[in-house]
Structure formats: structure tokens, C-alpha cells
Amino acid sequence: MTLKAPDLTYIYYLIYPVVYEKAQALAAGADFGGPSGLVMGTGPYQIKSFSPASGATMTRFDGYWGAKPAAKELDIKVIADPETLRLAVQSGSVDGTFDVPAGSAKAWESLPNARLQFGSSGTVKMLFLDPTQAPFNDVHARLAIAYAFDRPGIVKALEDGHGDSANTISSPFGWANSGTPAEVKQYFASLPVLNFDMAKAKEELSKSATPNGFTLTVLVPSSLADLSGMMETLKQNVKSIGITINVKQVPLANWLDALRAKNKAPMGIVSISADSPDPLSLVQSLVTGGTDGFSAYAPAAMLSLIAEYKIASPARQLAIAKQVVTQLSTDMPFVPIVYGNSKYALNKKYVYTSDITGWTAFGTEWAHYVEAAS
Amino acid sequence: MSVVESGLAVVPPGGRRRLPSLLVVFCSLVLVGLAIATFFGRSLAPKDPSVQNLLDAGAPPGHGHVLGTDGLGRDILSRVLVGTRQALEGPMVFCVCVTLIAVVFGLLAGFKGGWTETVIMRATDMLFAIPALLVIIITVGLLGGGYWLAVGLLVILTSPSGIRVVRSAVLAQRNLPYIEAARTLGVSNTKLMFIHVLPNILPNVVASILLDFVGGLIGLSSLSFLGLGSPPGASDWGRMLTENRPLLEGNPWAAVTPAVLLIVTAFSVTVLGDWAFQRLERRNNDRG
Amino acid sequence: MSILWWLLRRLVIIGLQLLAVSIVVFGILYLSPGKPEQILLGTQPANPQVLAAIRAKYHLNDPIVSQYWLWLRHALHFDFGRSIQTGQTVTGAISERLPVTIDLAIYAVVLVVLIAVPLGLIAGTRPGTFVDRGITTVITIGFSAPAFALGLASLYVFGVTLHWFPIYGVGSGFVDRVRHLTLPAATLAMMVIALIARQTRASAMRVNDQDFMTFARVRGLTPRVIWLRYLLRNSALPVVTSIGLVIANFLTGAVIVEQTFALPGIGTLVLDAITTKDIPVVQAVGLLAAFIVLMANLVADLSYTFLDPRLRTRTSV
């Protein structure tokens, strides 16, 4: 495989492709990856059965070259309703799950037989503001919105207290491999803090082209309650400075459609994660200069910085990352709200011997870390 | 939901005048309470239903919140009071529309007969057995339309059964002597329909309205439960039930209150529907 | 003979109705915003080539008529394509989930027959009594409570608190499945039980009053004969005609009940498919639902004719 242009950040994308047995794949044909074709991979477990309806059963492959995980069999079940899932964990018929919904941690934490673990993820919940049309073509209007979120309150209410206020869309989680922790901490401390300050919001708005406020319609996906909740809080907060937001709930499909539409809405909300532990991973997927992306924000200077980033030395990469993130703070085309958390609930019969992070579920061999509690 | 299908088409024996039972009185009071909440909910609510207090979210009763707060820190009692109007206006519009359509087309079909009847009945047959809610789930789910789209579709899909019932009631009346007598006197069809027949089928109609109301209430709240229909932030009972389910451990009132209100409302209207039907039918029978 | 003719005519009409349903569903799918390939990608950055590849694979760029025609041609061979979300064949997905929903429905029907009809008969034959009022009140509550509220309540009371029943899934083996499906089936049946019990009660009251019943009692026929031969048969008629409504109710109720109890049935399939705009799946399930409803009505109409000899003499049904 050869890339069209050099890209040092591509190394992270190599965790995504799966290495599987060619003969089996060819034999399965169109059914490959489905319930009748299955998949033959290279990991410590083999898939015995799979169906989108009922889940998957995997048994440990004892001929595996590496360390044997503790669990002989993994039985993955599908439970769509989060409350039912919680009840299942409570009753012990389900041992663990990565799918603890935001906003319900209190209920999960009170489960007597399960332990809830949290960890940082690269998930950022943010607003998109379209800088090519009114009212957000004026940076002061954008800044006004930035100060209108009670981030600690949102973390407490909608993220169960496990999450962090976000001052920038590049989550510190992605800076783990860049610079020293002290350096990173110092940099983040230097960024302007987005307090919940309606007075400041009003001040910014008065400096904008629309000092008396404006009216907007924002689409939220009906299935993502936390995003709905955040829009609701914003709607309440900005009423006092003359901004009216009509929150319209639509099915997931419509919401996604609107995010990518050519005629962008002035404001959109999304929960999005970085693909890799790289400070600009998320930024470079958002600032593309293309029309299929979520945002029309694409200043030429930033685009060339991002291009340079892909082939720069680590020291230069750190400098570019700081420059780009600082620019984003000044321009505020994306209003960061909060950083989400990864959660893992596990029956107390077992113990998860590693940290939970945003990469755990899909980027690591998590089954290795599940062991019987002593 | 039609009267016949719901099983009201008969009056139990025991013709002497009886005072309404305790149950009926209770249900009437419930309805009065609901009416008050519908019109004066806003003023009765102790707090603004949309004011959020994120730091106080999901709290059990106390600190000035009689029923506690929901996930965004909004006062449950206020939301439930203000939500009464939201919860009831859809079913209200729905049952009135369905009854109007059923009466008009049922009378026409039953009375005029011939082509009119055939056309109307063919149309009803086609729409009759369509599972209304399923269609609405698919349509509203795909189109992302709102509350009133759902109400409109529900009206279209429920009217057929209403039309059928009115028509059969009219058919039962059509061959009665008094109609024949009126005809020989030269009374016009329209007059016959509205002045003579309509009062006689009134018990069915009234009971139907009330039962349709219940059907509408349950249907529309089911839609809200699935997340379709009313917008977020609206103080809608069905939606509150879904949104507050995760709070059952922290503040059960958040989910239980709207559920109980839904059930009590539906129950009261059903009981009153039955009672109204029986009283009116008895009055009709007494008149002979 | 005329019955057979009538049957044939009905089947042709049903075929046309199914066609109409498929066109309507397809139209709504086409018109609704949201593109399936976008949903597959979710909020990941969208590479135009990837989007184009998905669109080409599912013929999403073709004009609507040819898309529909393509679907129809395959459908007539019972090939309903593959799910855009999972790649599984639609027939595979449906045949996997259909047994769950059917088991649920059958269980619910059994409950309805076992509970609703006797309840209605008991209440109807002693109108105005305490027993009647008690039964009627319980029935009315069942009638007024939305399925999701009842389902959740029973889940918490019987499943979580009392541990009488498991709280999700379908179980394996007959006995286990019965255990798993009891709460969902009861929830599904509730509304219908209430409906049928009310109707049976009304029917029973009316029939009880008729002359032939008084005559039977005077003749000294045992209650059992009275009930079975006269009461049941005569009361059954309105019940049978509402089978169509019952099936319709079940189809919708199944969606909500399956969602609440996490059952991998057709209900959850269609809800997921609607959310993700999985066109082939929504088309197929919509058609299936229409087919079930139409068939149920056909059976109801047929049994109507058989149950009531008075109707057999009519040439048009």
C-alpha cells in the first residue's frame, strides 16, 4: 500500500484495518462478515456465531500465539434499551458493558454488584457555527455563544459528573504522545477559559453585527439525549440576550444529512471523537476545505499548516498544533462544550486490570484485561 | 376505536334512575382538574417549567420542588401541570375531527345509499385495517415530521372505523317507522339526517368521541415514548416518561407522575364514556 | 362455488393492495431526508469516493422509478436485497427475527383467548353485580394504560423486584422461551384483552337477554350447554370481526413491547431500520406488515361467513 503523499499521522490509521484469512473471505463471498459467512481474524478469540439481532459468541482460540485471555467464552448480547441493559447488569445476566449512556451514571453507580469505571475519551461535544453566513460570520457573535454554556453544570447533569469542561475542540486526551505532560498542561492553561458568563456574552454580542440578537433553528438528533439537553440549556441561557433558538428534534438520519448538507445551517451540534491520539486528528477532519465536511471554516493559512503538520518533525508538529489550536480559540468557529468520558460497567466478580480510555472498546484487546476478581 | 368495537353497544338491564356511582363522580372530578390544569396550568405552576438548574438535576422532592427535578433540573410538578395542555390538545383535536368526519360520512353513506354509500364504504374498507400507529411510526420516523402530522395521519386512519359505526347505526334507524312516516310527509333527506336520525344515534356519537380521545391519548403518548412527535423541551407527558426513565433510582416521581397521569386521564375518560353512553341510550330507550 | 370466486377476487385485490403499499413506502423512503450512506458513516469524515461507492452499490443514484422497478423485480423472486447497515440479506434478517415476534404474538393470542373471553362472559352474564363492576374496572385500566407504561411497570415489579421473570431476551428451548416471553406477551395482550373482554361482555349481555336464551334455560339445558352452544357462538361474531383490529394492534404493540423488553423481533428491526434509513429492510417489513394485516382480515371475513349462517345467503360479502 502506497500513500499518494507522505503523511506521518497515517500510522495511527493502521489500527483500523483488520487482518483476516483470505481463503475464508473469498469462500464466504457476499456473506463475509455476516451471520452465515462470519470472519476469520488473527486474534485470541474465534467467532462461533454472529447475528445483528442476537449478538455474537466467541470462544477462545487455544492455538493463539500470544498470551491467553482469562475468559474462555465471550457472549456479546444486543440490548438496545439502556434501562433494560442496566437491569440486566443488575440481575447479573449481563456481566459488563461499554454502553453506559450519559446522564445515567448515578443509577449505574448504585448497582450493588457492578463497578463503574471511567476514563478520558477523545469525545468532544461541540457546536458548529457557519462563518460564511449571518449571524456567525461575525466573530463576536460566535464568542457570545461560547460564553453561554454552563459547562460544569452540563458535566454534572448530562455527563454524570464524569467529563470535563472543554475550552478547545482538541481534547488534551489526544496530546498524550506530543510533548511532555507538563508542557501540555501549561499550554492548555494558557488558553482562554470559557466561563459561563452571560454578561460577557452580552458584551460580545453588542460588539457584533447583530447586537440585538437573532433567531435560529437548530436540529438535534432525537436519539442523542445529551445533545438535546445541551441545546436546551443554551436555548434557555441566550434568551436573556435576545437570541431565540428553536430546537427541532429530528431522526438521526435527518440530522446527519443536515450536518453534511451543502447549504449549512448557521448552527449545528455534534458529538465527535478523534480517530487517533494526535492533537490535530479531529481538527484536520473538520477543517478540510471540502464541501462534504461539517464546516465551511477553512482559512488558507490553517490548511497549509495542517498540510505541513503531516510531514513535520515531532518538535515542529507540537508547535504547529499549538498554533492551530490557539487560532481556533481566537476564531471560535467551533464552540467546544464538554469532553465526554468512556465508561465501563463490570460485574464485581471480575476486575478490569487496565485503564479505561476512549480507545479501549475498539482499539485494544480489552478481553485480555478482564480477569476474575481474587 | 368505535363504540361497537369497544363493547358499549348494549345497556345493562335495570332501568330505574340511579345516581351516578362514586367512580363516575371521581372521574368527573379528575376531568375537571385536568380542564383547570389545561387552561390555568401556567399560572398554577409553582415554577417556570423550562427553567433549568443543572446543578440540581435529578433531585428527589424537597428544596422547593414538590416532586423533585428532572435530568436538566426542571421542576416536575410545573412541567406536569403545564404539560397537561400539551398532552390533551392533540387527542382533543383528534377526537373532534374523527367524530365530525365519521358523523358526516356515516350519515351520508347510511342514508343516501347507492353510489355515495359504495364510494365511501370502499374507501373506508381500504383504510380500515391499516395499523394506524405502525404507519405513523414509519412515516413520522422517516420524514421527521412533527406532532400535528402524526395527529393528521391518525385522524385519516381512524376515521374509517368511526364512519362504519355511524353508518350501521344509521342503517338500524333507517327502516324504523318514524323515518318512513317522516318521508311520506315529504321531509327532505338532509332534515331527516340531522334533525331526526342524529339525535337517535347521539349516544353512540358521544361515547365514540370520548373513546377516540382515549385512543388518541394513548397513541400519541406512545409516539412520544418512541421519541417521535413532540419536540424536545416540550412538557409532554409521554416524552417525560422516556426522558426520565433513567432517573427512576434518583427521583422516581419524574417518570411515575406523567405515567400515572396518563393512565388516570385515560381511565377517567373511558369510564365517563361508558356512563354517558348508558345514560343517553337509556334516555333514548325510555323515549321509545 | 361463489365462495371460491369471492376468495379469488379478494386475493387479487390483496395483491394490488400490496403493490400499492410497496409504492407508498418506497416513496416515503425516497422523500425522507437523510441518506443511508451518510448514516453508515455516522460522524466520521466523509470521503467523497467512499460515499460514491456506497451509493453505487445500492443503486442510490438511479432515478426513483428504476430503483423501484429493480426492487420489484427482485422482490417477485423473494429477493429483498441486503441490509445497508449490516450487509445481511433482508430475508435472512427477517427469518431470524420473525419467530420471536410470532411466538410473542401467539402467546399473546393464547392469553387473550384464555383470559379475555371468559372474563367477558362472566361479567356479561351478571351485569351490574360486584363481580361485573370489579372485572370491568380492571379491564378499563388495562384498556387505558399505554403499553409502554404497563410494560415498564411489570418489568420493574415482576422482573426486577420479584425476580419472577427474566428481564430481556428470548431464552432457548420451549420452557425458557415461555418464561422470557410471559411479561412481553402479557403487556402486548393487555390492550386487546381489555378490548375483547369488553366486547364479549357486551355481546354476552345482549345475547343473554334474547328470547332463545330464556327458552334454553326454561328447557332446562345445563349452563355448560347454554354457554358453549349458544352464548359463545353468538358472542363470537363481533369478536371475530375485530380480529383484523387485533392483529393491527399487535403489530404496533409488538414494536413498543419488543423495544421495552429488548426482544430481537421484527419490531426492533423495523425501528432500527427506520432510524438508519435502511431502505431494503423498511420496504420488506412494511410489505410483510401489510400482508399480515390483509391476510388477517381475509381470514376474519371468511370466518364471519362461516360463523353466521345468515350471511351465507348473501351473494356479496
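Treat the numbers as computed from the prediction; the structure is a model and nothing was measured. The chains referred to below are lettered A, B, ... by the order of the sequence lines, with proteins before strands, and numbering in each begins at 1.
Residues C:L271 and B:I137 are in side-chain contact: their nearest non-hydrogen atoms beyond the backbone lie under 4.5 Å apart. Residues B:L241 and C:P146 have side chains not in contact (no heavy-atom distance under 4.5 Å, counting atoms from C-beta outward).
Within a 6.0 Å radius of CE in B:M121, more than 12 heavy atoms belonging to other residues, nucleotides or ligands are found. No more than 12 heavy atoms of other residues, nucleotides or ligands shown are found within 6.0 angstrom of CZ on C:F291.
With rounding to the nearest 0.5 Å, the separation of OG1 in C:T136 from CG in B:D274 is 8.5 Å. Here B:T139 contributes atom OG1 and C:I28 contributes atom CD1; the two are 4.0 Å apart, rounded to the nearest 0.5 Å. If you take CZ on C:F148 and CG on B:L223, they are separated by 9.5 Å, rounding to the nearest 0.5 Å. For the atom pair CG (C:L150) and CD1 (B:I263), the distance works out to 6.0 Å, reported to the nearest 0.5 Å. The OG1 atom of C:T140 sits 5.5 Å away from atom CZ of B:F267, with the distance rounded to the nearest 0.5 Å.
Of the atoms belonging to C:I13, not a single heavy atom falls under 4.5 Å from chain B. For C:A145, the parts lying under 4.5 angstrom from a heavy atom of chain B are both the backbone and the side chain.
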Under 3.5 Å donor-acceptor pairs involving side-chain atoms of residues 214-222 of chain B, not counting sequence neighbours:
residue : atom : partner : partner atom : Å
B:S221  : OG   : B:L217  : O            : 2.9
B:S221  : OG   : B:I218  : O            : 3.1
B:S222  : OG   : B:I218  : O            : 2.8

